[in-house]
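Model, not experiment: these values are computed from the prediction.
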Amino acid sequence: IVQAEAAFDPIVFGYLNWAETDEPAQFANIGRNGQSIAHQIGIKQLLPTGATAQVTATQNWQHLLPFSQDPNNPFPGAAPFNRQTTYTENLNATITQPLLQNFGVAVNEANIYLAQRDRRISAETFRRSVITSVADVESAYHNLVLARTLVDIQERLLAATEDTRARVWARRGIDADQISISQSIAAVEARRADLIRFRADLRNRSDVLKALLNDPEISIRSNILINPTDRPTAEFIITSTAEAIETALRQRTEIQEARLKLEKDDIVVRVARNALLPKLDLTVGVQTNGLDKSFEDAFGTTISSQYMDFNAGIKLEFPLGDRGPEAAFRQHKLERGADLTAIVLTAQKVVGEVKGRLRDMLSAYTEIQSRERARVSAAEELQAIIQKEGIVALTPEFLQLKLDSEQRLSVTEQNLIQALTNYNIAIMQFEQAKGTLLEFNRISLDRAPISRYEDDAGKIRFMGQTYLLR
């Protein structure tokens, strides 16, 4: 934007020229041989209307030989020319205003308008990057909660299986044969192996989250394990499909970028239409003049405006054919039509994503209810088997029934936490599809973050943790 606005900055210019002439005279008393110094300083500026305003101050110093002393004088008997030094001063003000092509603020400030749209497009692109980063962090956090819970479930299953093995071993001389003992030992070792795998996955999930957080206090090279404290929610999110679609069409960065690009196309088409006009420039100017043997007298005459020149003129350029601007105008109109079609396709894609994410969220919530009922039934089944364990013979069939019941309860608990995780990720993805994930997490991008080298108080907070801006 500043670069575009700089086109209207004033420009100071000037020149300095020294010359010495030595030419033969053609007529008596008009010899001009000698030294001269000419210099000028001025300032000019392009105005938003397309006009160019210019003010200059010019001075010419001439030191001429007397005509009678000029060796190049072919007229020896001519009268002497006594004036040896003269100062010529001019103050000039000129303004040139286009009347057709390049006329108007809308045309001349078009680059500023385009730069403003580019800045907003960059802001939307940055916002989308932040949304993607937040979504990745939130998804990684929910997967870490899932991995942590799976480890807890597997530890409870292993503890229950070890308890069953101890009971079998205690009854080895009563009704527990070698088959039952081997069954319990095999079950313990298999579930211990599963626990090792779950713990390794927990470490991996923790490293993924550490890499995404990029917190210097939690280096990914360290063996620190992030322990999640927030639990997944199971609350039903009340929403309206129509409102969600309306919000997405207003908030999604892709829609905003497409709209801004369409605005840029309108600006470019307007400028291209103006370029079809012929050039018709009006120039008006005024100049004051002064001439004397001293600088002070010449300058005083100039300031007094005793000698003034006025000028006005019109310059016309009318290209025959004008094929280049006409082709550019057609090209920009076609590009605008393509971008208009693209924004419709983008809107359709956004609507489809919102409906799909909403469907995923509702399906995940419904699944939670079924998974919870399955978990309750599996827990009741295992409780009944435990109560029956003390009054029946510990046969291999009964032991297998108990081990399978413990496994079924563990699986239903795993399925339940997986459904809860899917539901929370679906909520996050639904907000992301609407373009409101930052607002959902109370993250603001109102101003640029402060560098820690400028202000160590510049901090951000995410999910209850404070981070110093590096």
Side-chain angles (χ1 to χ4, degrees), residues 140-172 174-209 223 225-234 364 367-425:
Y141 182 84
H142 289 306
N143 285 323
L144 179 62
V145 173
L146 172 63
R148 173 75 265 178
T149 308
L150 291 178
V151 169
D152 295 340
I153 293 173
Q154 192 64 25
E155 287 177 347
R156 290 198 300 269
L157 176 60
L158 178 59
T161 307
E162 289 177 340
D163 181 71
T164 301
R165 182 189 62 178
R167 290 174 179 269
V168 171
W169 182 259
R171 298 172 60 175
R172 66 185 182 277
I174 305 173
D175 53 2
D177 56 11
Q178 186 60 39
I179 297 177
S180 299
I181 295 174
S182 298
Q183 277 181 317
S184 63
I185 294 175
V188 167
E189 296 304 324
R191 290 165 186 178
R192 181 177 287 114
D194 291 338
L195 179 59
I196 294 173
R197 178 168 50 84
F198 284 138
R199 285 174 174 169
D201 185 64
L202 175 61
R203 289 283 179 182
N204 293 334
R205 299 290 184 180
S206 177
D207 287 344
V208 169
L209 183 57
N223 204 32
L225 180 64
I226 298 178
N227 186 30
T229 56
D230 293 345
R231 311 308 299 172
T233 181
E367 181 185 355
I368 291 175
Q369 317 307 313
S370 299
R371 297 298 186 185
E372 175 61 19
R373 289 192 292 268
R375 186 198 65 80
V376 172
S377 298
E380 292 174 348
E381 174 196 2
L382 179 59
Q383 186 62 31
I385 292 175
I386 291 175
Q387 292 177 354
K388 190 177 180 181
E389 184 179 9
I391 58 176
V392 298
L394 196 60
T395 63
E397 294 77 14
F398 181 81
L399 179 60
Q400 187 62 48
L401 178 64
K402 182 181 180 183
L403 294 174
D404 291 343
S405 180
E406 292 172 345
Q407 182 67 33
R408 279 192 294 272
L409 177 58
S410 177
V411 170
T412 57
E413 290 176 343
Q414 293 175 10
N415 292 337
L416 177 59
I417 187 59
Q418 182 68 66
L420 284 168
T421 301
N422 293 341
Y423 178 61
N424 283 261
I425 292 178

To the nearest 0.5 Å, what is the distance between CZ (R148) and CG (N143)? 15.0 Å
Which heavy atom of I153 sits nearest a heavy atom of Q414, and at what distance? CD1-N, 3.7 Å
Salt bridge (Lys or Arg N to Asp or Glu O under 4.0 Å) contacts touching residues 179-191 (sequence neighbours left out): E189-R192, R191-E406
Once you round to the nearest 0.5 Å, how far does CD of Q418 lie from CD1 of I368? 11.0 Å
Does any non-hydrogen side-chain atom of L146 lie less than 4.5 Å from one of H142? no
Counting only N and O atoms by type, is there a donor-acceptor contact under 3.5 Å from the side chain of D201 to the main-chain atoms of R197? no
Between S184 and T161, the two heavy atoms sitting closest are O-CG2, 4.4 Å
Examine distances only and state if a side-chain atom of T412 and a backbone atom of R408 form a donor-acceptor pair shorter than 3.5 Å. yes
Return the minimal non-hydrogen interatomic distance between L144 and S206, and the atom names on each side. CD1-N, 3.7 Å
Taking T421 for the side chain and I417 for the main chain, is one N or O donor matched with an acceptor at less than 3.5 Å? yes
Between CG of L416 and CD of E367, what distance do you get to the nearest 0.5 Å? 9.5 Å
Can you name the nearest heavy-atom pair linking S405 to A378, along with the distance? OG-O, 4.3 Å
Heavy atoms, side chains only, cut-off 4.5 Å: are V145 and D230 in contact? no
Quick one: CG on L150 to CG on L157, what's the gap to the nearest 0.5 Å? 12.0 Å
Answer yes or no: is there a side-chain heavy-atom contact under 4.5 Å between Y141 and P228? yes
Pairwise distance CG(N204) to CZ(R199) - rounded to 0.5 angstrom: 14.5 Å
Can you find a pair of side-chain heavy atoms, one from L209 and one from R205, that are under 4.5 Å apart? no
Is any side-chain heavy atom of R371 less than 4.5 Å from a side-chain heavy atom of L420? no
Under the 3.5 angstrom rule, does the side chain of S377 hit a backbone N or O of A374 as a donor-acceptor pair? no
Checking Q154 against S410 for the side chain to side chain contact (heavy atoms under 4.5 Å, CB included) test, could you report, in this order, the C-alpha distance in whole Å, the side-chain angles of both residues, the deciding distance, and whether it holds? CA-CA 7 Å; Q154 192 64 25; S410 177; 4.2 Å; yes
Minimum heavy-atom distance A187-L403, with the two atoms named: CB-CD1, 3.9 Å
Ignoring hydrogens and angles, tell me if any N or O in the side chain of D163 forms a donor-acceptor pair with the backbone of A159 under 3.5 Å. no
First locate atom CD1 of I386, then atom CD of E381, and finally report the distance between them rounded to the nearest 0.5 Å. 10.5 Å
